[in-house]
Protein chains: 2
Amino acid sequence: MKPLIHPAIEDVPLAAILHALADPVRVALFAEIVAQDCPRSCSRLVSVLDAPIPKSTLSQHLRILREAGLIRGERHGVEMRNASRCPEIETHYPGLLTSIVGAHEIQMDAGKKRASRLARKAARA
Amino acid sequence: MKPLIHPAIEDVPLAAILHALADPVRVALFAEIVAQDCPRSCSRLVSVLDAPIPKSTLSQHLRILREAGLIRGERHGVEMRNASRCPEIETHYPGLLTSIVGAHEIQMDAGKKRASRLARKAARA
DNA sequence: TTCAGTAGTTCTGAATATATGAACAATGGA
DNA sequence: TCCATTGTTCATATATTCAGAACTACTGAA
């Protein structure tokens with residue numbers, strides 16, 4: 001089992017941070033980790049996703065978030081706990097993560113509204 | 001010559017916006033377009049990049065920015081003028097682009113400082 | 001009108017990245 | 001020890017991206 005990589009924020013190119021969050025699954029995972037104050041295990045994280053994903057894929061996604069400096073992972077026995085590194089990043093790139101997570105929530109809300117509009121329309125027909 | 005695609009912001013997934021900006025060349029292009037108040041032609045844009053890139057690559061990068069709703073392109077005679085769509089996006093995702101462009105500038109400054117530190121070190125040796 | 005030059009675009013194959021099933025490693029009980 | 005649980009790594013099929021070559025579209029000059 002290879003040791004986990006946690007780069008210093010100043011060593012992470014902005015492109016890597018944006019790339020890590022430029023994936024619907026990964027923003028959702030990150031937003032959940034940020035929202036909860038206690039670290040989340042991988043298996044608990046899957047449950048917040050719309051569609052279930054294979055665990056190998058989840059593992060890769062979390063590695064990308066980790067190596068982009070966005071989360072910190074710690075192995076506790078058999079499970080892996082994932083915590084956000086927001087405060088560190090906030091000092092280096094003020095407002096960046098807040099606005100991205102905010103945009104993600106705006107998008108989720110818009111999606112819900114669209115879905116319920118479609119549902120009402122279907123119910124009338 | 002295919003017509004240019006300019007999607008409505010609400011139809012662009014957040015992932016597409018972040019993906020478009022998750023590339024060093026594309027953020028640099030976008031930051032330049034945002035910084036200038038008058039639209040920039042493709043050829044003028046190349047000059048702001050550190051390394052010159054082939055025009056086919058530039059064309060693809062600008063298409064990605066366009067289809068992510070970030071810029072608006074207009075053909076004027078033989079040239080293509082690229083303008084930012086920041087105001088529209090700002091109303092939909094407040095603060096998003098400001099903080100990303102801001103982060104890009106922070107990164108550029110850090111890069112410059114690092115370079116001049118290395119230069120001084122080399123001069124001493 | 002034809003030609004040459006300029007500014008971008010599209011096509012295409014090679015290089016690169018991503019997703020996932022299968023095999024594997026690590027830990028904690030029974 | 002054996003098994004269940006959690007997650008990682010490997011192999012490979014699939015998808016994306018880059019950049020050279022060929023192309024389109026427009027302009028001005030002859």
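All chains are named by letter (A, B, ...) in the order of the sequence lines, taking the proteins before the strands, and each is independently numbered beginning at 1. Predicted model only: the values in this text are computed from it and were never measured.
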Side chain of [X] only, heavy atoms from C-beta on: which candidate in [options] is closest?
X	options	value
B:S56	C:dT10, C:dA19, C:dT9	C:dT10
B:M1	C:dT18, D:dC26, C:dT9	C:dT9
B:P54	C:dG8, D:dA19, D:dG7	D:dA19
B:Q60	C:dC11, C:dT20, D:dC26	C:dC11
A:C42	D:dG7, C:dA26, D:dC18	D:dG7

Start at the 5' end of DNA chain D and walk down; is the nucleotide closest to A:K55 or to B:K55 reached first? A:K55
At less than 4.0 Å, is any side-chain N or O atom of B:H19 found next to OP1 or OP2 of D:dT17? Yes or no. yes
Any side-chain N or O of A:S43 less than 4.0 Å from the OP1 or OP2 oxygen of D:dG7? yes
Residue pair B:Q107 / A:V12: nearest heavy atoms and the distance that separates them: NE2-O, 4.4 Å
Are any of the side-chain heavy atoms of A:R40 and A:E32 separated by less than 4.5 Å? yes
4.5 Å side-chain heavy-atom contact, B:E90 and B:T98: yes
Expressed in angstrom and rounded to an integer, what is the separation of [X] atom [atom1] from [N] atom [atom2]?
X	N	atom1	atom2	answer
B:R44	C:dT6	CZ	P	18 Å
B:K2	D:dA25	NZ	P	13 Å
A:D23	C:dT20	CG	P	10 Å
A:E79	D:dT6	CD	C1'	8 Å
A:I64	D:dT9	CD1	C1'	14 Å
B:M80	D:dT24	CE	P	19 Å
B:L4	D:dA25	CG	C1'	13 Å
A:L45	D:dT8	CG	P	11 Å

Identify, between A:H76 and B:L58, the residue whose nearest nucleotide on DNA chain C lies closer to the 5' end. B:L58
Report the residue (B:R75 or A:H61) whose heavy-atom-nearest nucleotide on DNA chain C is the more 5′ of the two. B:R75
Report the distance from atom CG of A:D109 to atom NE2 of A:H104, rounding to the nearest 0.5 Å. 10.0 Å
Side chain A:S59 and base D:dG7 donor-acceptor under 3.5 Å: no
State whether A:R81 and A:E79 are salt-bridged, where the test is any N-O pair (Lys NZ or Arg NE/NH1/NH2 against Asp/Glu carboxylate O) under 4.0 Å. yes
